[in-house]
Structure formats: structure tokens, C-alpha cells
2 protein chains.
Amino acid sequence: MILAIAGKRLAAHGIRGLNIKDIAQDAGINHGTLLHHFGSAEGMRTALLTNLTEALIADMSAILNSDAPADTIFVELFRLMSQSGHNKLLAWRALEDAEDSPLTEGPSEKLIQQILDGVTRRIQGRDITLAQNIIFLALSSAVGWGICGPALKQSLGMSRTQQDQFPAWVSEQLPKLIQWTSQTLLDTY
Amino acid sequence: MILAIAGKRLAAHGIRGLNIKDIAQDAGINHGTLLHHFGSAEGMRTALLTNLTEALIADMSAILNSDAPADTIFVELFRLMSQSGHNKLLAWRALEDAEDSPLTEGPSEKLIQQILDGVTRRIQGRDITLAQNIIFLALSSAVGWGICGPALKQSLGMSRTQQDQFPAWVSEQLPKLIQWTSQTLLDTY
DNA sequence: GTTATTGTTCACAAATATGTTAATAGTGAA
DNA sequence: TTCACTATTAACATATTTGTGAACAATAAC
């Protein structure tokens with residue numbers, strides 16, 4: 001409950017919104033209570049960080065485990081990353097985390113492996129490296145889209161609707177990319 | 001000089017590193033001097049924001065105006081975005097800026113238009129929308145790569161060298177994408 | 001009902017960040 | 001030189017954030 005409010009404050013006011021006084025006020029409780037729960041202001045922030053990260057992983061899981069057609073999955077991923085909660089989380093992690101730590105250890109690893117297998121199976125020759133590159137392209141693009149998509153749209157002079165259609169365009173192109181490359185792979189061998 | 005030190009503090013310690021006391025200490029001056037120059041702590045931060053943004057635009061201009069072969073340009077863009085100063089800036093902007101403002105008004109607009117023209121010319125049918133999508137894909141991916149590339153690499157189980165080669169792979173694929181799509185466009189019309 | 005545990009508030013304290021002022025030193029122009 | 005202006009410092013003042021401890025209430029276990 002408190003973390004949900006903190007998350008909204010992060011999305012609305014950035015890191016400066018993450019002080020215990022304001023969060024407690026939004027939650028209608030005394031800031032001492034908040035300290036009692038999380039030990040310290042910093043403890044509250046790390047709790048929020050893991051909480052938001054788990055939420056992101058959960059949302060990604062829901063998309064990837066759904067039985068939606070493959071080409072809508074990319075669209076969903078882009079939509080997911082453009083949600084204020086998630087892209088602010090990624091920006092926050094990028095700013096604060098000095099280390100190159102993976103999002104989480106544990107359940108998400110299995111999830112990623114699962115996607116990797118799925119994509120690899122679709123590639124002639126089952127080129128894992130190619131699959132990794134494709135996924136990397138999709139995810140990094142989705143992240144970049146979420147973080148500075150609107151600004152880029154402005155700079156490129158793209159209309160609102162064109163920006164909205166970009167995810168769909170990407171999800172059309174990526175499978176073609178796989179096929180295209182796999183054909184050249186067949187030529188090579 | 002002061003802003004350069006502030007920029008290093010942003011890259012090293014995140015937003016919490018951007019307080020006038022620590023910055024002044026790093027610069028070897030009194031924090032009153034810093035206030036005298038920038039008017040306020042907030043004034044210093046906005047000065048840093050525009051300064052870093054201009055640096056980013058300048059670096060992009062240098063790459064795009066160089067006479068390097070077209071396929072190395074994407075690689076350079078990715079390398080640029082992975083530099084600590086630039087990706088932290090983008091994360092900062094994403095966190096603090098509520099508005100969907102373009103990076104800058106002014107010189108960069110002409111720059112982007114220039115790229116757009118260049119790419120459009122290479123497309124059969126001169127499909128501007130397609131060019132915009134391609135550029136959007138390249139830039140958003142570069143941004144995402146800069147912001148959480150290492151974390152994604154970990155999660156995908158990619159080797160260090162494979163991650164390093166990803167930009168080169170992208171710059172191979174994107175032109176193919178143009179050609180591929182332009183052929184279907186010819187079929188359509 | 002008593003007890004222990006937990007959650008909560010309040011008043012205050014400590015720490016940190018920001019801003020102010022007066023004094024001083026340099027710098028260039030008249 | 002003298003004057004005006006700018007840069008700089010140090011000490012102080014204010015504001016904001018975080019943390020502490022005692023007191024009190026609620027709750028569940030015994």
C-alpha cells in the first residue's frame with residue numbers, strides 16, 4: 001500500500017518525490033510509522049526498487065505467457081515499457097545502479113530463457129546468437145521507446161498516431177528480419 | 001569547469017551526487033561561490049541539464065557529419081549512448097521531465113532533418129514514414145542499449161563480446177530492413 | 001484479564017542541504 | 001590611483017530530510 005503510493009510519487013515527481021515525509025503524508029500516516037516499517041528512508045527506497053522490479057517482471061511474464069499471437073507480443077511489450085511506472089523504474093535503476101546487475105536473479109531468468117528458446121525454435125538453423133540479438137533489439141528498443149519515445153517523436157517530426165503505430169511496425173519487421181537472416185545463413189552453409 | 005565536475009558526480013553518484021556542497025568540495029571552492037554563479041542549487045542543475053544535452057547533441061552531430069561509411073554510423077551512435085555521461089543524462093531527463101519535450105529546440109532540429117533526408121533518399125519510393133520508423137528504431141534501441149544494455153546482456157546470457165558486437169549487427173540489419181520493405185512496397189504499388 | 005507484541009503518534013533531535021550576509025580580494029576602466 | 005564591479009570566502013541562518021524515544025493504542029496469545 002505504502003509502496004504503491006511511493007511508486008506513484010516516483011512516476012509523478014521523480015526521485016525528489018521519494019522522501020518519507022511526503023510519502024507518509026500522501027498515505028495519511030505519520031512518517032515515523034514509515035521509518036518503523038522500513039528501518040530507514042534508504043530501506044524504503046530499496047524496498048520500492050525491488051517491488052517495482054518485481055511488478056515489471058510480473059507484467060512481462062503475463063504478456064509472454066499469454067496465448068496471444070506472436071506478433072502482438074512485441075506490441076504489448078512496447079506498451080508495457082511506455083507505462084509511467086515501468087519506464088521511470090528503468091531510468092531510476094540506470095541512474096542509481098553503478099553495477100551491471102541483471103534485473104533480478106531467480107524467476108525472471110527462467111522466463112528469459114523461455115523466450116529465448118521460443119525465438120530460437122523459429123529460426124532456421126536454431127541460431128541462438130541470432131535469437132539473442134533479435135530479443136536484445138526488441139527489448140532495448142522498447143526500453144528506449146519508453147524512456148525517451150515522446151521526445152524522439154518530437155525531434156523526428158512524427159505524428160502522434162505514427163508514434164503509436166511504431167510498435168506494430170517493429171513487430172512486423174522483426175520476424176522478417178529473422179527469416180531474412182536465416183536464409184542467408186542457409187546460403188552460407 | 002564546475003559543470004564538468006557536476007557531470008562526473010551525476011555519472012558516479014546519481015542525482016544524490018548533485019548537491020552544491022559536494023560539488024563545490026570536489027571543485028575546491030566554497031559552496032557560496034557556486035550559488036553566486038548559478039543563483040540557486042536548482043539553477044545549477046538546470047544549467048547542467050542544458051549543458052549535458054548540448055554535449056550530447058554535439059557528439060551526435062560529430063558522428064553524423066563525419067565522412068565515415070554509413071554502416072559505421074550506427075555503431076558509433078550505440079557507442080555514444082553507452083557512455084556514462086550520456087546515458088545518465090537521458091535517464092535523468094526521463095525521471096525529472098514530466099513533459100514530452102524534444103531534446104532541444106534549434107540546431108539539433110536541422111540535424112535530425114538532415115539524417116531523415118539522408119535515409120529517405122536511400123529508400124525506394126522515398127517513403128518518409130518508413131525512414132522515420134527506421135531512425136526511431138535505431139535511436140530508441142541505442143538509448144535502451146545505453147540505459148540497460150549491461151543488465152539485459154546478463155539476463156539474456158550474452159557474452160561480453162556478443163554484446164559488444166550487437167551495434168555492428170544492428171547496423172547490418174537496418175539497411176537490409178529498408179531494402180526488404182521497399183521491395184514489398186514496390187510489389188504493393 | 002494479563003501479557004507480550006506490534007503498530008502508531010507525537011515531540012524532539014540530528015543531519016543534511018540550501019540560502020544569506022558581510023567582509024575581503026582581485027580586476028579592469030576612468 | 002580611485003572607482004565600480006565581480007569573484008570569493010567564512011560564518012551564520014534557514015529549510016528540509018531523516019532519525020530517536022517515550023508514550024499510547026490495538027491485537028492476539030496465554
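Letters A, B, ... mirror the listed sequences (proteins, then strands); counts begin at 1. Owing to the predicted nature of the structure, the values given are computational and were not obtained by experimental measurement. Basis for what follows: all heavy atoms, side chains included, without hydrogens, waters or symmetry-related copies.
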Rounded distance in Å - CG (B/L35) to C1' (D/dA13):
13 Å

With a cut-off of less than 4.0 Å, is there a side-chain N or O of B/N30 near OP1 or OP2 of D/dA10?
yes

Base, sugar-phosphate alone, or nothing: which one does A/N19 contact when heavy atoms must sit under 4.0 Å apart?
sugar-phosphate

Using every non-hydrogen atom in the two residues, find where A/A142 and A/F78 come nearest and quote the distance to one decimal.
CA-CE2, 3.6 Å

Taking B/A47's backbone N and O only, do any of them form a donor-acceptor pair with B/T50's side chain (distance below 3.5 Å, no angle check)?
yes

Once you round it to whole Å, what is the distance between C1' of D/dT14 and NZ of B/K21?
13 Å

Of the non-hydrogen atoms in B/L80 and B/D59, which two are nearest, and what is the gap between them?
CD1-CB, 3.4 Å

Rounded to whole angstroms, how far apart are CE on A/M1 and P on C/dT8?
12 Å

For a quick test of reading the model: is some side-chain N or O of A/R45 closer than 4.0 Å to OP1 or OP2 of D/dT18?
yes

Can you check the A/H36 NE2 to C/dG7 P distance for me, whole Å?
6 Å

What is the separation between atom CD on B/E42 and atom P on C/dT18, rounded to the nearest whole Å?
9 Å

Distance in angstrom units between B/H37 NE2 and D/dA7 P, rounded:
6 Å

It should be established whether B/R16 places a side-chain nitrogen or oxygen under 4.0 Å from OP1 or OP2 of nucleotide D/dT18.
no

Between CD of A/Q25 and P of D/dT18 the distance, given in whole Å, is 14 Å

Is the shortest side-chain N/O distance from A/T33 to OP1 or OP2 of C/dG7 below 4.0 Å?
no

Round to a whole Å and report the spacing from CD1 of B/I2 to C1' of D/dA7.
11 Å

Just checking A/I128: does its CD1 atom have more than 12 heavy atoms from other residues, nucleotides or ligands closer to it than 6.0 angstrom?
no

Around B/Q83, counting heavy atoms of other residues, nucleotides and ligands shown, do more than 12 lie under 6.0 Å from its CD?
yes

5'-most contact on DNA chain D (nearest-nucleotide basis), B/I29 vs A/G32, goes to B/I29

Return yes if the base of D/dG19 and the side-chain atoms of A/H31 contain a donor-acceptor N/O pair under 3.5 Å, otherwise no.
yes

